[in-house]
Amino acid sequence: MSFQSPKGTKDVLPDEQPYWERVETAARRIARLYGYERIDLPVFEDTGLYKRGVGAGTDIVEKEMYTFEDKGGSSITLRPEFTAGVMRAYLENGLASWPKPVKVWSIGPVFRYERPQAGRFRQHTQFNVEAIGESDPALDFEIMSVAFHLYEELGFRNLSFQINSIGCPKCRPAYLEKLSAYYRSREDGLCPDCRQRLVRNPLRLLDCKNPGCQAGIAAAPAISDSLCGECEAHFRALRAYLDDRKRPVTLNHRLVRGLDYYTKTVFEVWAEGIGSQNAVCGGGRYDGLAEAVGGPATPGVGFASGIERIVLTLKQQAAAETAPSRPKPAVYFAHLGADAARQAVTLLAECRAAGIEAVMGFGERSLKAQMREANNRGAARVAVIGESEIAGRVVQLKSMEDGGQSAVPWAELTATLKAKEAGA
RNA sequence: GUGGGUAUAGCUCAGUUGGUUAGAGCGUCAGGUUGUGGCCCUGAAGGUCACGGGUUCGAGUCCCGUUACUCACCCCA
């Protein structure tokens, strides 16, 4: 075959779907529990939204976006993240007139042109949660709690919650100046990447993994010492909520985000055992985003969690005993002969109309072959129809578990199956 | 964008210092006496050995290139 799925994309086959369903069900339930409503957005937007929202100098915008010109000449970009689109929808649809905060969640694919590796794809799926219009640190805590709760619900262990405050437009410039000054004094010892960062995005200097740069990072001024009064108070309040609820978090002064819109609170959740791409969740406050895309000043806070990485973690941590199973039909119709096939189709339709999960064998195959298929599909029972059953207007209903078999009149079949289902 | 690893059946992999029609397990399909699954037995289908060159009497095996996949850097979910 001459085609394969594009680089960095993958098919989620039926045997993996139970994991996805479990995650989606949990996400939906937790979102509702916390008072968040679903919102669905287009998977592509005007390119300018991301350039202005996410930030022109960010890696995402600079080299990872799927951008193209459509037939009308507009520059379109497949969404590389949710938050900018949610803010656009909030502003465009007048959600600012709703009671604040406006709390919404989404689930769907996002696209980034990256080199794929374990846990990293060019198309991946995010569960995205946002709360817009409120700057209370209790809301930061609530957003983080949604993440905590979701992972608890999924039975995750050994997660690491990392938090930091990266300040606001009032205090960050002064800090960046301090940080740059510190690094300029030791520029000779820097790795090439860090020299770039020093000019382009000094905050990133703290994020360097190069061993040679670690000592410099450790000694670098921490932003926590440079926060303005407002940011300091906000961060302190958030930490108090976390303490009160005994939420174990790690203060990580080096935690920096790759998107320009973040202010004050930033956080990530790291999982174990899923490879080097271990961030299963990332988020924070973005009080400057609305203005960046041309709206009135509007605070907001949110997070995104990657379903593929959650599923990896689920498989890795929650292990075999909780592995979800695939659906199994309640009854399989095996038939011999054309008349029996016609009757099987009718009874099959009756079962489905009655809400009984039912399937049939196709083609002219031996009863043995049909039994084998029923067994492979995990059917609970087999209804056999042949000449003698047609004559007696019955089916032979066999339990695949204990092998017991008895004749059941056609008219009583759905009732009998329902009774047996309820009994089992 | 930069490195490392890998490439044989749908899946997981064997394939001996280069030597005839390329193998196994699993899976799929069928058969093992009339119309009954699982276990067992038998059989079948399924492979341009990623692609292109080269060395050689002879290449799945050695060499070079390309592509793909993969892991890591980077960045992030």
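In what follows, every chain begins at residue 1, and chains take the letters A, B, ... in the order their sequences are listed.
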Participant: Would you say a side-chain N or O of A/Ser305 is under 4.0 Å from OP1 or OP2 of B/A77?
Facilitator: no
Participant: Does A/Val384 reach a base, just sugar-phosphate, or nothing at all? Heavy atoms under 4.0 Å.
Facilitator: base
Participant: Say we look at B/U33 and B/C26: how far apart would their C1' atoms be, to the nearest angstrom?
Facilitator: 30 Å
Participant: Could you check whether A/Arg112 makes a cation-pi contact with A/Tyr66, meaning its NZ or CZ is under 6.0 Å from the centre of the six-membered ring and within 45° of the ring axis?
Facilitator: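 No, a cation-pi geometry is absent between A/Arg112 and A/Tyr66.
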Participant: Toward the 5' end of RNA chain B, which comes first, A/Gly283 or A/Met400, by nearest nucleotide?
Facilitator: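 Counting from the 5' end, the first nearest nucleotide belongs to A/Met400.
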Participant: Determine the contact category for A/Phe127: base if any of its heavy atoms lies under 4.0 Å from a base atom, sugar-phosphate if only primed atoms, P, OP1 or OP2 are that close, otherwise nothing.
Facilitator: nothing
Participant: Would you measure the distance from the P atom in B/C29 across to the matching atom in B/A22 and give it in whole Å?
Facilitator: 27 Å
Participant: To the side chain of A/Glu387, which of B/G31, B/G35, B/A72 is closest?
Facilitator: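 Minimum distance to the A/Glu387 side chain belongs to B/G35.
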Participant: Has the side chain of A/Ser388 got a donor or acceptor that lies under 3.5 Å from a partner of the other kind on the base of B/G35?
Facilitator: yes
Participant: Hey, is the side chain of A/Asn376 poking within less than 4.0 Å of OP1 or OP2 on B/G27, counting only N and O atoms?
Facilitator: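 A/Asn376 to B/G27 OP1/OP2: no side-chain N or O under 4.0 Å.
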Participant: For RNA chain B, what are the stems built from at least three Watson-Crick or G-U pairs in a row, each pair having both distances below 3.5 Å?
Facilitator: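 RNA chain B forms these stems: B:1-7 with B:67-73, B:10-13 with B:23-26, B:28-32 with B:40-44, B:50-54 with B:62-66.
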Participant: Does the pair A/Glu114/A/Arg120 count as a salt bridge with the N-to-O cut at 4.0 Å?
Facilitator: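 Yes, A/Glu114 and A/Arg120 are salt-bridged.
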Participant: Only one of A/Leu289, A/Leu91, A/Leu41 passes side-chain contact (heavy atoms from CB on, under 4.5 Å) with A/Val86; say which it is.
Facilitator: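 Answer after filtering A/Leu289, A/Leu91, A/Leu41: A/Leu41.
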Participant: Would you say the base of B/G35 and the side-chain of A/Gln370 have a donor-acceptor pair closer than 3.5 Å?
Facilitator: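 Per atom types, no contact qualifies.
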Participant: State which of B/C29, B/A72, B/G35 makes the closest approach to the side chain of A/Leu336.
Facilitator: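 Within the option list, the nearest is B/G35.
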Participant: Is A/Gly386 touching bases, backbone alone, or none of the nucleic acid, heavy atoms closer than 4.0 Å?
Facilitator: base
Participant: What is the distance from NE2 of A/His124 to P of B/C75, rounded to the nearest Å?
Facilitator: 17 Å
Participant: Please evaluate the base of B/U36 for a donor-acceptor partner in the side chain of A/Gln405 within a cut-off of under 3.5 Å?
Facilitator: yes
Participant: Measuring from the side chain of A/Ala304 (C-beta onward, heavy atoms only), which nucleotide among B/A77, B/A30, B/C75 has the closest atom?
Facilitator: B/A77
Participant: Write down the distance separating the P atoms in B/G37 and B/G31, rounded off to the nearest Å.
Facilitator: 12 Å
Participant: Separation of A/Leu159 atom CG from B/A77 atom C1', in whole Å?
Facilitator: 14 Å
Participant: Provide, to the nearest angstrom, the distance between the CD atom belonging to A/Gln117 and the C1' atom belonging to B/G4.
Facilitator: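 Answer to the nearest Å: 13 Å.
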Participant: Ignoring hydrogens and angles, are the base of B/C75 and the side chain of A/Arg120 linked by a donor-acceptor pair under 3.5 Å?
Facilitator: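 Check passes, donor-acceptor contact within cut-off.
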Participant: Which value, in whole Å, describes the distance between the C1' atoms of nucleotides B/G4 and B/U20?
Facilitator: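 Here B/G4 and B/U20 have their C1' atoms 38 Å from each other.
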Participant: Would the base of B/G37 count as contacting A/Asn375 through its side chain, where contact means a donor and an acceptor less than 3.5 Å apart?
Facilitator: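 Donor-acceptor pair under 3.5 Å: yes.
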Participant: Considering only atom P, compute the distance from B/U12 to B/C73 and round it to an integer number of Å.
Facilitator: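 To the nearest whole Å, 25 Å.
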Participant: Are any of the side-chain nitrogens in A/Glu412 or A/Arg393 under 4.0 Å away from the carboxylate oxygens of its partner?
Facilitator: no
Participant: In whole angstrom, what separates A/Leu150's CG from B/A77's P?
Facilitator: 16 Å
Participant: Counting distance alone, no hydrogens or angles: does the base of B/U2 have a donor or acceptor under 3.5 Å from a partner atom on the side chain of A/Arg115?
Facilitator: yes
Participant: For A/Glu389, answer base if it contacts any base atom (sugar-phosphate contacts may also be present), sugar-phosphate if it contacts only those atoms, and nothing otherwise; contact means non-hydrogen atoms under 4.0 Å.
Facilitator: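 Base contact.
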Participant: Can you check the distance between B/C69 and B/C51, where both ends of the measurement are the C1' atom (answer in whole Å)?
Facilitator: 14 Å
Participant: Between A/Asn278 and A/Leu367, name the one whose nearest nucleotide on RNA chain B is closer to the 5' end.
Facilitator: A/Leu367
Participant: Output the rounded distance in Å from NZ (A/Lys7) to C1' (B/C69).
Facilitator: 8 Å
Participant: Test: ring-ring contact (aromatic ring centres under 6.0 Å, His included). Region: residues 22-53 of chain A. Which pairs qualify, not counting sequence neighbours?
Facilitator: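 Sorted result for residues 22-53 of chain A: A/Tyr34-A/His149.
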Participant: Can we say A/Glu308 and A/Lys10 salt-bridge, meaning some charged N sits less than 4.0 Å from an Asp/Glu carboxylate O?
Facilitator: no
Participant: Reckon A/Gln4 has a side-chain N or O less than 4.0 Å from the OP1 or OP2 of B/U67?
Facilitator: no
Participant: Does any donor-acceptor pair link the side chain of A/Glu373 with the base of B/C29 at a separation under 3.5 Å?
Facilitator: no
Participant: Nearest whole Å is fine: how far is B/A77 P from A/Tyr113 OH?
Facilitator: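 Going from A/Tyr113 (OH) to B/A77 (P), I get 20 Å.
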Participant: Looking at A/Ser366, does any N or O in its side chain come under 4.0 Å of the phosphate oxygens OP1/OP2 on B/G31?
Facilitator: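 Answer is yes, contact under 4.0 Å.
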Participant: Once you round it to whole Å, what is the distance between P of B/U2 and NZ of A/Lys63?
Facilitator: 12 Å
Participant: Out of B/G35, B/A72, B/G37, which has the shortest distance to the side chain of A/Gln396?
Facilitator: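 Selected nucleotide: B/G35.
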Participant: Test your reading of the model: is there a side-chain donor-acceptor pair from A/Tyr332 to the backbone of A/Glu373, 3.5 Å cut-off?
Facilitator: no
Participant: May I ask you to say whether A/Arg79 pairs ionically with A/Glu45, meaning some side-chain N is under 4.0 Å from a carboxylate O?
Facilitator: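 Salt bridge absent between A/Arg79 and A/Glu45.
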Participant: Any carboxylate oxygen within less than 4.0 angstrom of a Lys/Arg side-chain nitrogen, looking at A/Arg184 and A/Glu177?
Facilitator: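 Salt bridge between A/Arg184 and A/Glu177, a charged N being under 4.0 Å from a carboxylate O: yes.
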Participant: Which label fits A/Phe148 and A/Phe161: parallel for a plane angle under 30°, tilted from 30 to 60°, or perpendicular past 60°?
Facilitator: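 It falls in the parallel class, under 30°.
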Participant: Looking at the base of B/G35, is there any donor atom on it, or on the side chain of A/Lys368, that sits under 3.5 Å from an acceptor on the other one?
Facilitator: no
Participant: For nucleotides B/G46 and B/C11, find the distance between their C1' atoms and express it as a whole number of Å.
Facilitator: 13 Å
Participant: Please report the distance, rounded to the nearest Å, between CD in A/Glu114 and C1' in B/U70.
Facilitator: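 Whole-Å distance recorded here is 16 Å.
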Participant: Classify A/Gly275 by what it touches in the nucleic acid, base, sugar-phosphate, or nothing, heavy-atom distance under 4.0 Å.
Facilitator: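 Counting heavy atoms under 4.0 Å across all strands, the contact made by A/Gly275 is with sugar-phosphate only.
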Participant: For A/Glu387, I'd like to know if atom CD has over 12 heavy atoms of other residues, nucleotides or ligands within 6.0 Å.
Facilitator: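 No, CD of A/Glu387 has 12 or fewer neighbouring heavy atoms, counting only those of other groups under 6.0 Å.
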Participant: Over all strands shown, is A/Ala369 touching base, sugar-phosphate only, or nothing at heavy-atom distances under 4.0 angstrom?
Facilitator: sugar-phosphate
Participant: When rounded to the nearest Å, what value does the distance between P atoms of B/G53 and B/C41 take?
Facilitator: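 To the nearest whole Å, 45 Å.
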